[in-house]
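One structure follows; several queries about it will come next.
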Amino acid sequence: YPDPLTFNFDFEYFNSSSAKYLLDFCKKLARARSEGMNVKINWHYEENDLDMLEAGREMSKISKLPFEYVNTRGYF
């Protein structure tokens, strides 16, 4: 398989308007994946930011696009 087209989502915050655009983008990526494109999503979150982790899980579920979750441990 060719290397995946990888997207790293690493947000400190996003509002509901931004979430809508992000979800639309993820749905387009899911469509491309279903058509054979090798797509990978890394959803970064700080260890203590469970809200951001849950936002990623919801985004993945709604868009039907699998995410990998990357714990950044808040060292940045």
| Shared ILVMFWY cluster between Leu23 and Phe14, side chains joined below 4.5 angstrom? |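 The answer is yes; both residues are in one hydrophobic cluster.
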| said: With rounding to the nearest 0.5 angstrom, report the CD to CG distance, Glu46 to Asp51. | reply: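 Glu46 atom CD to Asp51 atom CG measures 12.5 Å (nearest 0.5 Å).
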| Taking a hydrophobic cluster as the set of Ile, Leu, Val, Met, Phe, Trp and Tyr residues connected by side-chain heavy atoms closer than 4.5 Å, whether directly or through intermediates, do Leu5 and Leu22 fall within one such cluster? |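 Yes, Leu5 connects to Leu22 through the hydrophobic network.
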| message | Using 30° and 60° as the class boundaries, would you call the ring planes of Trp43 and Phe11 parallel, tilted or perpendicular? | response |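 Tilted: the ring planes of Trp43 and Phe11 meet at 30° to 60°.
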| said: If we ignore hydrogens and angles and just use 3.5 Å, is the side chain of Ser63 paired with the main-chain N or O of Cys26 as donor and acceptor? | reply: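 Absent.
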| request: With the side chain counted from C-beta on, respond yes when Leu29 and Ile41 share a heavy-atom pair under 4.5 Å apart, and no when they do not. | output: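 Yes, side chains in contact.
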| field | Candidate pair Thr6 and Asn42, rule side chain to side chain contact (heavy atoms under 4.5 Å, CB included), full reasoning | value | CA-CA 7 Å; Thr6 303; Asn42 294 321; 3.5 Å; yes
| request: Following the transitive rule for hydrophobic clusters with a side-chain heavy-atom cut-off under 4.5 Å over Ile, Leu, Val, Met, Phe, Trp and Tyr, establish whether Leu65 and Met37 coincide in one cluster. | output: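 Cluster IDs for Leu65 and Met37 match.
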| field | Trace of the side chain to side chain contact (heavy atoms under 4.5 Å, CB included) decision for Phe7 with Phe67 | value | CA-CA 10 Å; Phe7 293 87; Phe67 287 10; over 6 Å; no
| query | For residues 18-29, which residue pairs qualify under side chain to side chain donor-acceptor pair (under 3.5 Å), counting only residues two or more places apart or in two chains? | reply |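 Applying side chain to side chain donor-acceptor pair (under 3.5 Å) to every pair that reaches into residues 18-29, excluding sequence neighbours, yields Asn15-Ser18, Lys20-Asp24.
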| task | May I ask you to test the Tyr69-Leu53 pair for a side-chain heavy-atom distance under 4.5 Å? | result |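 Heavy-atom side-chain distance check passes, below 4.5 Å.
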| Under the side chain to side chain contact (heavy atoms under 4.5 Å, CB included) criterion, do Tyr45 and Asp10 qualify, and how do the steps go? | CA-CA 7 Å; Tyr45 68 97; Asp10 190 358; over 6 Å; no
| Do the side chains of Pro66 and Arg33 get nearer than 4.5 Å, heavy atoms only? |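 SC-SC contact between Arg33 and Pro66 confirmed.
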| In terms of hydrophobic clustering (I, L, V, M, F, W, Y; side-chain heavy atoms under 4.5 Å; direct or indirect links), are Met59 and Leu50 co-clustered? |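 Yes, one cluster joins them.
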| message | With a 4.5 Å cut-off on side-chain heavy atoms, are Glu68 and Lys40 touching? | response |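 They are in side-chain contact.
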| said: Measuring only between side-chain heavy atoms, which start at C-beta, is His44 closer than 4.5 Å to Asn8? | reply: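 Yes, side chains in contact.
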| request: Examine distances only and state if a side-chain atom of Ser60 and a backbone atom of Arg57 form a donor-acceptor pair shorter than 3.5 Å. | output: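 No, because the side chain of Ser60 does not come within donor-acceptor range (under 3.5 Å) of the backbone of Arg57.
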